[in-house]
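What follows is a set of notes on a single structure, which appears directly below.
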Number of protein chains: 2
Amino acid sequence: MVTMSDVAKAAGVSAMTVSNVLNGHPHVSEETRRRVTEAVERLGYRMNVAARNLRSGTTGVIGLAIPDVDQPYYGRLASLVIAEAARRGYRVAVEQTGASREGEAQAVANSRLRMYDGLIIATVELGDEDAAGVFAGFPVVALGERISEAHVDHVGMANFEGARDATLHLVERGCRRIAAIGGRTEGETGAATLRTAGYLAALDEAGVPRDDALLVPCPFNLAGGAEAVRQLAADGVPFDGLMCLTDAMALGALRGLADLGRGAPGDALVTGFDDIPQAAFAVPSLTTVAPGHAEMVTAALELLTERMAGRRAEDEARNVTGPHRLVVRESTGG
Amino acid sequence: MVTMSDVAKAAGVSAMTVSNVLNGHPHVSEETRRRVTEAVERLGYRMNVAARNLRSGTTGVIGLAIPDVDQPYYGRLASLVIAEAARRGYRVAVEQTGASREGEAQAVANSRLRMYDGLIIATVELGDEDAAGVFAGFPVVALGERISEAHVDHVGMANFEGARDATLHLVERGCRRIAAIGGRTEGETGAATLRTAGYLAALDEAGVPRDDALLVPCPFNLAGGAEAVRQLAADGVPFDGLMCLTDAMALGALRGLADLGRGAPGDALVTGFDDIPQAAFAVPSLTTVAPGHAEMVTAALELLTERMAGRRAEDEARNVTGPHRLVVRESTGG
DNA sequence: TCGCTCGTTTTTAACGATAAAAACGCTGGC
DNA sequence: GCCAGCGTTTTTATCGTTAAAAACGAGCGA
């Protein structure tokens, strides 16, 4: 095992000088720098991370708390976070929380053991009441749902705007009776409520009358979407457009339409939200709102590295919203 | 920040004694143990991982090298590894290799920085020639493909036996002309070749004649499966069973059949391999070989923890094969 | 020649934990 | 009363790195 002193000896300088060279500190002559670099190379020296960590307090590791990497959306996020972190010289330790409050608390606790330089928490059961205490003084960024208005940096997606765009798109293509599959106006201020709000705003903006019968709450999955469409038909509610709050529900809605002997885009236009891989391969392929996942992750790491570098005051929590883009495919007539 | 000495002072003992209590070492009186535990509790002491790492050389972190967590199979694996490692008190740092040789080499290099106590490498571009050098003296387990016969522990899946079982199942249900979609007898000794070998062995065993026209190489994805079926029909090769080397290809094959106006299980029986989630939801649902992913991961961590504890000699590389199970669904007549 | 500055390098002293060795206190045999 | 033997606890000495302070040496004006 080659240590820093070994390198120092080989280069004829002190260990501290080697440290200075390796960390790019100023006040090192060009000649010395060259000699040290050469010795490092020759001996195959690799810095001992533990020692550096002990002395300087940084590990080069970022924690990522998500419910389960084996879920399309979170897997995607994890993949992007790992790649973007690697680009910045960090490694990522993934903590699976099982979407439980204890799991998330555990992840935060591990972070505070100084195991991680910072934490990205990509779902949130922890609430505002936890935020002030648990996260205080530690670099944390919430990705996706928001934890706390005041205490934690947050990167979100354009839930309101995306749903609004999708709805306006349907209106432009001639829809006048647009159902919001999964829509709900009450409950926590999560993605569902925001997307529903975007839908309503678009209707108002376009001068299309609202109708509460067109708000169809349902489970956020394939079966939920299918069932919601069946429900609408059974209730005799006429519709010519389906603004689904997620792609999964949209795919279910397509199946539901098929079961009724109808189809998109012939009998009704359909939009989704998320742009999951299957959306492009469905029959008909699905028009959907693509949130800028990559941009969200980049923004999250930007905020986090700023915090880790201590470049921002404790209390000014920032809030960033990622870009979004409407991807028009067959389900709304290509 | 509460240190061990703070706890020691509070409990009226030395730091070493606190260390002994915390690590469950013998020769600590019950009374002392109680006092120390109480002080730890009261002060909210958390061990500094970096210091322990520096002194003892362990980090409590396992590296996991995979191509990309955002791929169904690898996401599944990662999820299981993280959960199983957590159960054993380890955290997992995920390194994405992009399935490249450099990526994998990078992951191994990071491990050797003493960042990780061990490494699970779940795909392999590194070959036998790398194995002896790169992995020597560091706890590594290959999960899935094998790196090296002689130098690295390996947990694999029952490629041969699974394909054999699937083929025998088709024969039992009356098939006599079974095509191996994706089959190939040449190339590296990867999963594809092993599964093909299992297919051929089953045919011989059941006394069903081989036919090279029924070996249809193709890309290992949806499109590949669909194309292979189209090819068979175009070539006028008769078949009554399709043993597909992966579920993705099997789903493609179902689509291919549909495009020809045929269907499973009516016109041909179809089997897959992997038991991906979609297999159960396809129409018809897919009969497939389910490799025991969970058992494979458990075995991998068992091997790895043994290595990490230094309980096994350097050179005796072990090789474990996970269990498998044929899941019979609609595509072979339920 | 003597300070004095300034850029560079070394010295010193941790960071917080633990392995190994030394010390301690107690019992019991001679 | 002395000491060996035993179980428990403390001392000592790092692990490899880095912050902070001290030291060094060349250049320069007085």
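Hydrogens, waters and symmetry mates play no part in the numbers below; they use all other heavy atoms, side chains included. This one's a predicted model, so the numbers in the text were calculated from it and none came from an experiment. Naming convention: chains lettered A, B, ... in sequence-line order (proteins, then strands); numbering from 1 in each chain.
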Original post:
If you look at every heavy atom in B:V40 and B:L22, which pair is closest and at what distance?
Top reply: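 Looking at all heavy atoms of both residues, the shortest contact is CG2-CD1, 4.0 Å.
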Original post:
How close do A:A300 and A:I120 get, heavy atom to heavy atom, and via which atoms?
Top reply: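 The pair with the smallest heavy-atom distance is CB-CD1, 4.5 Å.
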Original post:
With a non-hydrogen cut-off below 4.0 angstrom, is B:T17 in contact with a base, only sugar-phosphate, or nothing?
Top reply: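 Counting heavy atoms under 4.0 Å across all strands, the contact made by B:T17 includes a base.
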**OP:** Going 5' to 3' through nucleotides 16-26 of chain C, assign each nucleotide B (protein heavy atom under 4.0 Å from a base atom), S (under 4.0 Å only from sugar-phosphate atoms) or - (no protein heavy atom that close).
**Re:** BBBBB------
Original post:
Nearest-Å distance, CD (B:E30) to C1' (D:dG7)?
Top reply: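 Value for this atom pair: 14 Å.
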**OP:** Quickly work out the A:K9 NZ to D:dT17 P distance and round it to whole Å.
**Re:**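 Atom-to-atom, A:K9 to D:dT17, this comes out as 13 Å.
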Original post:
Can you tell me how far the NE2 atom of A:H154 sits from the OG1 atom of A:T321, to the nearest 0.5 Å?
Top reply: 7.5 Å
Original post:
Under the salt bridge (charged side-chain N to carboxylate O under 4.0 Å, His left out) test, which residues partner B:E84, sequence neighbours left out?
Top reply: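 Only B:R87, B:R88 meet the salt bridge (charged side-chain N to carboxylate O under 4.0 Å, His left out) criterion with B:E84.
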**OP:** Could you list the residues that satisfy salt bridge (charged side-chain N to carboxylate O under 4.0 Å, His left out) with A:E38, not counting sequence neighbours?
**Re:**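 A:E38: salt bridge (charged side-chain N to carboxylate O under 4.0 Å, His left out) contacts with A:R42.
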**OP:** Report the C-alpha separation of A:Q96 and A:V69 in whole Å, then their side-chain angles, then the decisive distance to 0.1 Å, and conclude whether the side chain to side chain contact (heavy atoms under 4.5 Å, CB included) test is met.
**Re:** CA-CA 7 Å; A:Q96 296 193 136; A:V69 282; 3.2 Å; yes
**OP:** Would you indicate, yes or no, if D:dT9 has its OP1 or OP2 atom less than 4.0 angstrom from a side-chain nitrogen or oxygen of B:S29?
**Re:** yes
Original post:
side-chain hydrogen bond (donor to acceptor under 3.5 Å, both in side chains): which pairs involve residues 60-73 of chain A, sequence neighbours left out?
Top reply: A:D68-B:S79
Original post:
Angle, rounded to 10°, between the helical axes spanning five pairs at each terminus of the helix from C:dT1-D:dA30 to C:dC30-D:dG1?
Top reply: 80°
Original post:
Pairs in or reaching into residues 9-59 of chain A: which pass ring-ring contact (aromatic ring centres under 6.0 Å, His included), with residues at least two apart or in two chains?
Top reply: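 The answer is none; no pair qualifies.
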